[in-house]
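I have a structure I would like to understand better, so I am pasting it below and will then ask my questions one at a time.
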Amino acid sequence: MQATDIIIKKRDKKELTREEINFFIHGFTVGDIPDYKASAWAMAIMLNGMTDREVTDLTLAMVNSGETLDMSQLVGISVDKHSTGGVGDKTSLVVLPIVAACGLPVAKMSGRGLGFSGGTLDKLESIPGFRTDLTPAEVKRQLREIGLVLTGQSKSLAPADGKLYALRDVTGTVPSIPLIASSIMSKKIAAGSQAIVLDVKIGLGAFMKDLPSARKLGNLMTRIGELAGRKVVVFLSDMNQPLGNAIGNSLEVQEAIASLQGKGPADLMEHCKVLSAQMLFMGEIFDDVDEANKMIDIAIKDGSALNKFSELIQAQGGDASYIDNPEKFPKAQYVEDVPAFENGYLATINARLFGEASVLLGAGRKAKGDPIDHSVGIVVHKKVGDNIHRGDCLYTIYANDKSNLMESKKYLEFAVEVEKEKVDPLPLFYE
Ligand code: URA
């Protein structure tokens, strides 16, 4: 079998066999198939799609590229969540400490930034010392000791996804239903999750632009999960405007800390509570969502959710003093407010353009392995539907390079639209 023949077969819109998919994923994982062939293959999949059978085989091949964790001795029901990616989506940083503080242990395998969308691992690495490459033994030990783990793909856990993910980030091959579904579900199955809450984002700043494609992705991941014997619940949520206010790594960590103190933006707080309650319900910690909601409020109020976040940071080698003193996060050199030029109602705050502008500032990667500037990004101050007055600060740009600042300002010139007529706020969830 030859990798090139498998690329050609997919280029020519033909269905790959399980053996061909296994061969390609194994060869790529061990380094026999180089990045350029894997990128061409990913592009062929992106353009020509895969049947559900191919996606399931791809998912299982990626699971089998490493070890599979068995959490059954450590947790009653192991529950996890995953978002399909968006702008300002720091949900995992808030939800996981909350559910762990409410008595549900979680070990989550997250990802890095993908295209214009941020990644949980990059965000956490803005805390000095934080490690995201735990071994399976470390994952289990930490889950037993503190009930919370947030790690990444590694040589032993979903390594094929780790490698393919880094290529997709910089080769225009992110917004593909087969590639997203297999990437997410391989991580969830490898991490031993028995129940999975999926947050499928829709809109300008999401990889799924409309409800039908989001439903298709959600249904496909549900079927893959069920085939692997997992329970899956899918939320379809809005990503036309950024979630919360902050976009960019350490800015988002600071907003997550504020949210764990009960002081986060209303949309982010509400979103995180809904997902947390669902996880606690699926983990059978509470019999109903109302009971879970009460406990979530208590965990935020009494500081136990924030303490759990500190424990997580410390357990993975990070400097937890940043959690108590967020002012320790390095500040960007240039901070510039951008005002509104007219009165009216905010109609659009284009999440995709804001995500791309933050990549321009250095918050994401332009090439594989690029370093990230953790302190740059954008904080938006208004939401769709808000009444705007001329001179109000719409957003603040944080930059470390003057030309990047100018470029991102220019990039965002048409990212905000204000209308004279009243505009309805966007929903948080569609389904
Ligand atoms: N999250 C993932 O883990 N993979 C994707 O492809 C998109 C979002």
Side-chain angles (χ1 to χ4, degrees), residues 25 28 38-39 41-43 45-46 49-50 54-56 58-63 65-66 80-93 95-96 106-124 132-133 150-154 157-191 193 196-203 205-209 213-214 216-218 220-222 224-225 230 232 234-237 239 243 252 275 351-352 355 359 364-365 368:
I25 288 298
F28 176 53
S39 303
W41 190 57
M43 185 56 85
I45 295 171
M46 157 101 209
M50 277 185 146
E54 285 176 293
V55 184
T56 307
L58 176 57
T59 307
L60 296 178
M62 299 219 286
V63 171
S65 68
D80 199 352
K81 69 136 306 245
H82 207 91
S83 147
T84 56
V87 177
D89 183 3
K90 67 283 291 173
T91 313
S92 293
L93 302 180
V95 166
L96 267 57
V106 250
K108 173 168 164 58
M109 209 192 301
S110 280
R112 298 194 174 278
L114 262 187
F116 57 80
S117 123
T120 304
L121 303 179
D122 293 330
K123 293 171 198 179
L124 282 167
T132 56
D133 60 348
L150 228 163
T151 190
Q153 312 97 325
S154 64
L157 290 172
D161 179 53
K163 290 188 79 176
L164 197 55
Y165 197 97
L167 287 186
R168 288 172 56 218
D169 179 28
V170 290
T171 55
T173 48
V174 174
S176 145
I177 288 181
L179 293 177
I180 296 175
S182 54
S183 165
I184 291 179
M185 294 311 287
S186 65
K187 284 193 281 290
K188 301 301 98 177
I189 296 170
S193 318
I196 304 159
V197 176
L198 294 173
D199 185 9
V200 177
K201 303 283 186 199
I202 309 163
F207 301 123
M208 298 299 108
K209 300 295 174 215
S213 51
K216 194 167 161 196
L217 175 59
L220 178 58
M221 291 194 286
T222 304
I224 296 171
R230 322 290 155 129
V232 181
V234 180
F235 287 88
L236 304 183
S237 67
M239 188 34 77
L243 184 59
E252 292 194 39
L275 296 191
R352 180 179 179 131
V359 173
R365 296 177 182 81
K368 188 183 157 199

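Just so you know, these numbers use all the heavy atoms, side chains as well, and skip hydrogens, waters and symmetry mates. We count ligands from 1, going down the list as the structure has it; atoms in each ligand are counted the same way. Numbers for residues simply follow the sequence, beginning at 1.
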The closest protein heavy-atom partner of atom 8 (C) of ligand 1 is Thr84 O, 3.3 Å
Hey, is the main chain of Ile196 close enough, under 3.5 Å, to the side chain of Ser193 for a donor-acceptor pair?
no
among protein heavy atoms, the one nearest atom 3 (O) of ligand 1 is Lys187 NZ, 2.5 Å
Mark yes or no for whether Lys108, through its side chain, and Ser92, through its backbone, hold a donor-acceptor pair below 3.5 Å.
no
Lys209 atom NZ: more than 12 heavy-atom contacts under 6.0 Å
yes
Atoms of ligand 1 close to Ser83 [distance to a heavy atom under 4.0 angstrom, numbered from 1]
1 (N), 8 (C)
Closest heavy-atom pair, Leu150 versus Leu124, reported as atoms and distance to 0.1 Å, is CD1-CD1, 3.9 Å
Distance-only donor-acceptor check, side chains Ser183 and Lys187, under 3.5 Å
yes
Are Ser117 and ligand 1 in contact, using a heavy-atom cut-off of under 4.0 Å?
no
Measuring from the heavy atoms of Tyr165, does anything fall under 4.0 Å of ligand 1?
yes
Thr222: side-chain hydrogen bond (donor to acceptor under 3.5 Å, both in side chains) partners, not counting sequence neighbours
none
What residue and atom, counting heavy atoms only, is the protein's closest point to atom 4 (N) of ligand 1, and at what distance?
Ser183 OG, 2.7 Å
How far is atom 1 (N) of ligand 1 from its nearest protein heavy atom, and which residue and atom is that?
His82 NE2, 3.4 Å
Heavy-atom contacts with Leu114 under 4.0 Å: which atoms of ligand 1 show up? List them by number with element.
5 (C), 6 (O), 7 (C)
